[in-house]
Amino acid sequence: MKKLLLSLLLIAPTALFAQKFGHCDAQSIMTTMPEYIQAEADIKKIASQKEDELKSMQKEFQSKYEEYTKNESTMSASKKAETEKELEALDQKVRQAYQDGQQEISKLQQEKMQPIMNKLVEAIKQVGKAGGYVYIMDVSSGIPYISETLSEDVTAKVKAALK
């Protein structure tokens with residue numbers, strides 16, 4: 001019994017040291033994925049369209065405001081109040097369009113990026129299982145230190161698993 005216990009105590013520490021740890025740069029992997037590149041292009045296209053719409057609205061507001069300030073001294077009180085109300089409404093419309101555009105772009109990013117992140121996570125899990133890794137850390141997440149002698153860089157393996 002003592003021999004069995006002694007042999008277990010001797011084998012246990014070596015089993016702990018035999019555990020494999022890996023690390024990868026998930027950000028660099030993701031930015032090379034074709035799906036990511038396409039999603040980024042789609043998001044930039046929509047963001048550019050929203051920016052153009054917003055610039056057009058701001059230009060319209062600026063034009064009406066300049067016209068108002070130019071003619072303000074000759075306007076009747078009722079016309080002045082009416083124009084100010086129109087300007088306030090247009091300003092509010094511009095602000096709302098900006099907020100709506102930001103929300104739409106944020107939602108689009110979430111919709112497009114989530115499946116890509118899921119695919120990346122699955123590839124990391126696949127590499128972890130296939131390689132017998134206890135843990136694979138993401139160096140792009142800001143982990144302060146990873147020992148490169150005690151941890152294997154599996155970035156290339158994850159990239160290969162994605163293809």
Side-chain angles (χ1 to χ4, degrees), residues 1-63 65 88-163:
M1 180 70 166
K2 285 184 181 181
K3 287 183 182 181
L4 178 64
L5 186 57
L6 182 60
S7 56
L8 283 174
L9 288 174
L10 290 174
I11 294 172
T14 58
L16 288 175
F17 289 116
Q19 294 178 345
K20 290 172 61 177
F21 294 91
H23 62 274
C24 67
D25 187 348
Q27 187 66 37
S28 74
I29 295 168
M30 190 167 52
T31 57
T32 62
M33 294 171 66
E35 302 96 320
Y36 178 85
I37 295 167
Q38 182 61 50
E40 279 290 302
D42 293 347
I43 292 167
K44 283 181 182 177
K45 181 181 176 184
I46 297 294
S48 178
Q49 289 173 351
K50 294 293 175 188
E51 188 176 334
D52 290 345
E53 290 171 9
L54 190 60
K55 283 180 182 179
S56 174
M57 291 174 76
Q58 288 172 332
K59 188 176 179 180
E60 178 186 356
F61 174 81
Q62 189 63 34
S63 172
Y65 180 75
E88 285 177 28
L90 189 55
D91 181 52
Q92 184 61 35
K93 185 178 173 184
V94 170
R95 291 174 194 266
Q96 188 64 47
Y98 175 77
Q99 287 179 346
D100 292 347
Q102 291 296 321
Q103 288 175 351
E104 186 178 333
I105 290 168
S106 179
K107 183 180 175 185
L108 183 64
Q109 281 180 315
Q110 180 68 23
E111 289 172 357
K112 294 229 178 233
M113 294 301 168
Q114 192 61 49
I116 296 167
M117 283 297 300
N118 292 345
K119 185 176 179 180
L120 176 60
V121 167
E122 287 304 313
I124 292 171
K125 285 179 182 178
Q126 180 184 355
V127 168
K129 287 178 185 176
Y133 294 95
V134 174
Y135 190 83
I136 297 179
M137 295 162 267
D138 178 13
V139 295
S140 64
S141 67
I143 296 173
Y145 173 74
I146 295 175
S147 171
E148 292 188 19
T149 57
L150 299 175
S151 174
E152 181 182 346
D153 187 354
V154 297
T155 302
K157 291 179 182 180
V158 174
K159 284 182 179 179
L162 284 168
K163 294 187 179 187

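Numbering starts at 1 and runs along the sequence shown. This one's a predicted model, so the numbers in the text were calculated from it and none came from an experiment.
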Any [X] side-chain heavy atom under 4.5 Å of [Y] side chain:
{"X": "His23", "Y": "Tyr135", "value": "no"}
{"X": "Asn118", "Y": "Glu122", "value": "no"}
{"X": "Glu111", "Y": "Lys107", "value": "yes"}
{"X": "Glu104", "Y": "Asp100", "value": "no"}
{"X": "Tyr133", "Y": "Glu152", "value": "yes"}

Between the main-chain N or O of Gly131 and the side-chain N or O of Lys20, is there a donor-acceptor pair closer than 3.5 Å?
yes
Exam field: side chain Ser106 to backbone Gln102, donor-acceptor pair closer than 3.5 Å
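The answer is no, because no donor-acceptor pair under 3.5 Å joins these two groups.
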What is the distance from atom [atom1] of [X] to atom [atom2] of [Y], rounded to the nearest 0.5 Å?
{"X": "Thr155", "Y": "Ile124", "atom1": "OG1", "atom2": "CD1", "result": "8.5 Å"}
{"X": "Met57", "Y": "Asp91", "atom1": "CE", "atom2": "CG", "result": "10.0 Å"}
{"X": "Arg95", "Y": "Gln58", "atom1": "CZ", "atom2": "CD", "result": "10.0 Å"}
{"X": "Ile43", "Y": "Gln110", "atom1": "CD1", "atom2": "CD", "result": "10.0 Å"}
{"X": "Asp153", "Y": "Met137", "atom1": "CG", "atom2": "CE", "result": "11.0 Å"}
{"X": "Leu162", "Y": "Ile116", "atom1": "CG", "atom2": "CD1", "result": "11.0 Å"}

For [X] and [Y], which heavy atoms make the closest approach, and how far apart are they?
{"X": "Leu90", "Y": "Phe61", "answer": "CD2-CA, 3.5 Å"}
{"X": "Tyr98", "Y": "Leu54", "answer": "CD1-CD2, 3.4 Å"}
{"X": "Lys157", "Y": "Val127", "answer": "O-CG2, 3.5 Å"}
{"X": "Leu120", "Y": "Ala26", "answer": "CD2-O, 3.7 Å"}
{"X": "Asp25", "Y": "Ser140", "answer": "OD1-CB, 3.1 Å"}
{"X": "Ser151", "Y": "Gly22", "answer": "OG-C, 3.3 Å"}

How far apart are the C-alpha atoms of Gln38 and Met33, what are their side-chain angles, what is the distance that settles it, and do they pass the side-chain contact (heavy atoms from CB on, under 4.5 Å) test?
CA-CA 9 Å; Gln38 182 61 50; Met33 294 171 66; over 6 Å; no
Out of the candidates Lys163, Lys112, Lys119, only one should pair with Glu35 under the salt bridge (Lys or Arg N to Asp or Glu O under 4.0 Å) rule; please name it.
Lys119
